[in-house]
Amino acid sequence: MLKYKIVTDSSSDLLTLPDIPFATVPLKIQTAEREFIDSADTDVDEMLTYLATYNGRSKSACPNTQEWLEAFENVENVFCVTITSGLSGSYNAAAVAAREYMQTHKDRRVYVIDSLSTGAESALLIQKLREMILSELSFDDIVEGIKQYAMHTHLLFALESLHNLANNGRVSPLVAKFAGLIGIRVVGCASEKGTLEILEKTRGGEKALRALLAQMQANGYSGGKVRIHHCQNPSVAEDLAQRIRTLYPQADIVIAPTRALCSFYAERGGLLVGYEDSL
Ligand code: X90
């Protein structure tokens, strides 16, 4: 039996985690014709190309309780990070699975963390859990530690299209219509309730990057960890990283691609930026 394991759903955009038992439970993207399981072998670029020409409805589906239970199996202490409960049923399914798992195995524990976010911010939470487990903190200290840390991490996004978010009822159609205009990018954040909050509508990529940086600073960023997750947009992610490094040479920045779920909603060109405030 494993002593510790970190389990997350595929919204955190991580496929592997070094040195620690780790599993990701996939969300799914579905049309009437095809299903994309958000796993290591999904070709995200091909999925986006297919969806761009597909005329019918497309939607996502979160993991069910059974799928979460399978990922918890044979572990004494599980830390589980889910996409925000404000936009998905993933957290609820994981919480039910956790209760069931602890009822069947009285000596085992599962702590489910509602990220109230996704992607790059969830990945920061997972990195922190990893560090605390490797430092051999107790289960209760890790629970306390991650609660504290989560109060100091944030998520911003810059999106060129809100089409899939609006079609699936995650953002108002009116906002989405505006974002669909050529050259307009919507900059927003994960709200305290874990929903999308629109902060600014900018014209042009340059202004969107400046808005992201200004928002980070206004929110207390001062050179800590940053993760930039991009949907098929490495050059803009690198551009943002350079701007951050110019102001904060010590900044610890990781750039990574979004997996299928975040790519479906962020759409081509989209950026998700997770960062720490001054802690
Ligand atoms: O349960 C499901 O089917 C999943 C639903 C997920 C819906 C939203 C995913 C958003 C992904 C878009 C920009 C970041 C918004 C963050 C707000 C908390 C990425």
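Note that the numbering runs from 1 along the sequence shown for the chain. Order of appearance sets the numbers: ligands from 1, and atoms from 1 within every ligand. Fair warning: this is a prediction, and the values are worked out from it, not measured in the lab.
Each of the following atoms of ligand 1 lies closer than 4.0 Å to a heavy atom of Ser88: 1 (O), 2 (C), 4 (C), 5 (C). Residue Ala190 approaches ligand 1 through these ligand atoms, each under 4.0 Å from one of its heavy atoms: 18 (C). Short contacts between ligand 1 and Leu27, defined as distances under 4.0 Å to a heavy atom of the residue, involve ligand atoms 2 (C), 4 (C).
Counting heavy atoms closer than 4.0 Å to ligand 1, residue Ala61 contributes backbone atoms (N, CA, C, O) but none from C-beta onward. Residue contacts with ligand 1 for Asn168 are absent, since no atom lies close enough (heavy atoms, distance under 4.0 Å).
Looking only at atom types and distance, the side chain of Gln127 has no donor-acceptor partner in the side chain of Glu131 under 3.5 Å away. Donor-acceptor pairing under 3.5 Å is lacking for the side chains of Asp9 and Thr82.
A salt bridge links Arg268 and Asp45; the closest N-O separation between the charged side-chain nitrogens and carboxylate oxygens is under 4.0 Å. The existence of a salt bridge linking Lys3 and Glu136 is excluded, since no basic side-chain nitrogen approaches an acidic carboxylate oxygen closer than 4.0 Å. No salt bridge links Glu76 with Arg108; every basic N to acidic carboxylate O contact stays at or beyond 4.0 Å.
Contact check for Lys225 versus Tyr275: no side-chain heavy atoms found under the 4.5 Å cut-off.
Taking distance alone, with nitrogen or oxygen atoms compared against 3.5 Å, Ser117 stays at or beyond that limit from ligand 1.
The closest protein non-hydrogen atom to atom 12 (C) of ligand 1 is Tyr265 CB, 4.2 Å. The nearest protein atom to atom 14 (C) of ligand 1, hydrogens excluded, is given as Phe157 CD2, 3.8 Å; this is a heavy-atom distance.
Val110 is not connected to Phe139 by any chain of hydrophobic side-chain contacts under 4.5 Å among Ile, Leu, Val, Met, Phe, Trp and Tyr, and they are in different clusters.
For atom 16 (C) of ligand 1, the nearest non-hydrogen atom from the set Ile29, Leu155, Thr258, Val273 comes from Leu155. The residue among Leu271, Thr118, Leu87 with a heavy atom at the shortest distance from atom 17 (C) of ligand 1 is Leu87. For the residues Gly86, Gly89, Ser60, the heavy atom positioned nearest atom 2 (C) of ligand 1 is part of Ser60. For the residues Thr84, Asn92, Leu159, Ile83, the heavy atom positioned nearest atom 13 (C) of ligand 1 is part of Leu159. Here atom 5 (C) of ligand 1 lies nearest to Arg170 when heavy atoms of Arg170, His229, Lys28 are compared.
More than 12 heavy atoms of other residues, nucleotides or ligands lie within 6.0 Å of CD in Glu35, so this atom counts as buried by the packing criterion.
Not a single heavy atom of Ser90 sits under 4.0 Å from any atom of ligand 1.
With ring centers used as reference points, Tyr50 lies under 6.0 Å from Phe36.
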